[in-house]
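Report on the following structure.
This is a predicted model, so every value here is computed, not measured.
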Amino acid sequence: MFVSVTAFFFSLLFLCVFLSGIVNRIDANWNFLDFGYHFVVFVFYFGAFLLEAAATSLHNLKCNVTLNVQPLLNDNQYNINVAATIFAFVTTACYGCSLALALRRWRP
């Protein structure tokens, strides 16, 4: 959740900077800043994807609660984790494509 909210906030900030025309007034390498942003978000989303996939793989792990042995994740939690893992993978792939395009735009 932290990764998606932070990425949304900074994407919105980037959009406002570009739409307001501040880009023309500030002398900066905007292509490099765009590449750096996409690289950082890609790394964070990739980490979130790996953690979510690892948590989903614990579905069949049994834990000892008092005297009953129960699965660590029930079926509903497992289904939610599978959906979150798929979403994290798709988002990571999209940011990876954006990173590749930003690299192409940044390098001459």
Side-chain angles (χ1 to χ4, degrees):
M1 195 67 176
F2 168 76
V3 174
S4 61
V5 171
T6 305
F8 173 75
F9 174 73
F10 282 113
S11 294
L12 196 61
L13 184 67
F14 250 165
L15 179 66
C16 291
V17 165
F18 279 104
L19 289 179
S20 66
I22 295 176
V23 175
N24 298 327
R25 289 183 254 159
I26 298 176
D27 186 29
N29 189 352
W30 290 100
N31 287 329
F32 178 72
L33 289 174
D34 184 47
F35 170 74
Y37 165 75
H38 281 99
F39 177 75
V40 168
V41 172
F42 173 77
V43 168
F44 280 150
Y45 262 114
F46 187 70
F49 161 67
L50 289 179
L51 288 174
E52 192 64 42
T56 304
S57 69
L58 299 176
H59 174 61
N60 291 329
L61 184 68
K62 306 291 185 198
C63 64
N64 189 2
V65 178
T66 62
L67 296 177
N68 299 339
V69 177
Q70 298 175 348
L72 189 60
L73 297 173
N74 64 26
D75 288 337
N76 187 36
Q77 292 169 331
Y78 175 72
N79 292 338
I80 290 171
N81 277 5
V82 167
T85 302
I86 292 169
F87 174 76
F89 174 75
V90 169
T91 307
T92 301
C94 289
Y95 271 107
C97 291
S98 292
L99 177 65
L101 292 174
L103 180 63
R104 250 179 76 189
R105 190 171 49 247
W106 173 53
R107 288 186 13 195

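Distance check, rounded to the nearest 0.5 Å: CG of L51 to CZ of F49 gives 10.5 Å. The line from CZ of F89 to SG of C94 is 10.0 Å long, rounded to the nearest 0.5 Å. The CZ atom of F32 lies 7.5 Å from the CZ atom of F35; values are rounded to the nearest 0.5 Å. To the nearest 0.5 Å, the span separating OG1 on T92 from CD on E52 amounts to 11.0 Å. Distance check, rounded to the nearest 0.5 Å: OG of S11 to NE2 of H38 gives 6.5 Å. Interatomic distance, CG of N81 versus CD1 of I86, reported as 11.0 Å (0.5 Å rounding).
Looking at every heavy atom in both residues, R25 comes nearest to S20 through NH2-O, 3.7 Å. Nearest heavy-atom pair across T56 and T85 is OG1-OG1, 3.1 Å.
Hydrophobic clustering (ILVMFWY, side-chain heavy atoms < 4.5 Å, transitive): L13 and F18 are in one cluster. Note: the hydrophobic cluster containing V17 also contains F9 (ILVMFWY, side chain heavy atoms under 4.5 Å, direct or indirect links). In this structure, L103 is a member of the same hydrophobic cluster as V43, with clusters built from ILVMFWY side-chain heavy atoms closer than 4.5 Å. Connection of F2 to V5 is not established within any shared hydrophobic cluster, with ILVMFWY side chains joined at heavy-atom distances below 4.5 Å, either directly or through further cluster members.
Looking only at distances, no side-chain donor or acceptor of T91 sits under 3.5 Å from a matching main-chain atom of A88. Panel note: side chain T6, backbone V3; no donor-acceptor pair is recorded below 3.5 Å. For Y37 (side chain) and A7 (main-chain N/O), a donor-acceptor pair under 3.5 Å exists by modelled atom type.
Checked against V41 for a side chain to side chain contact (heavy atoms under 4.5 Å, CB included), the options F46, Y95, F10 give a single hit: Y95.
Not counting sequence neighbours, N24 has no partner by the side chain to side chain contact (heavy atoms under 4.5 Å, CB included) test.
Counting only heavy atoms from C-beta outward, the side chains of F14 and W30 approach each other to under 4.5 Å. Annotation: side chain of Y45 is in contact with side chain of S4 (closest heavy-atom distance under 4.5 Å). Between N29 and L33 the shortest side-chain heavy-atom distance does not fall below 4.5 Å.
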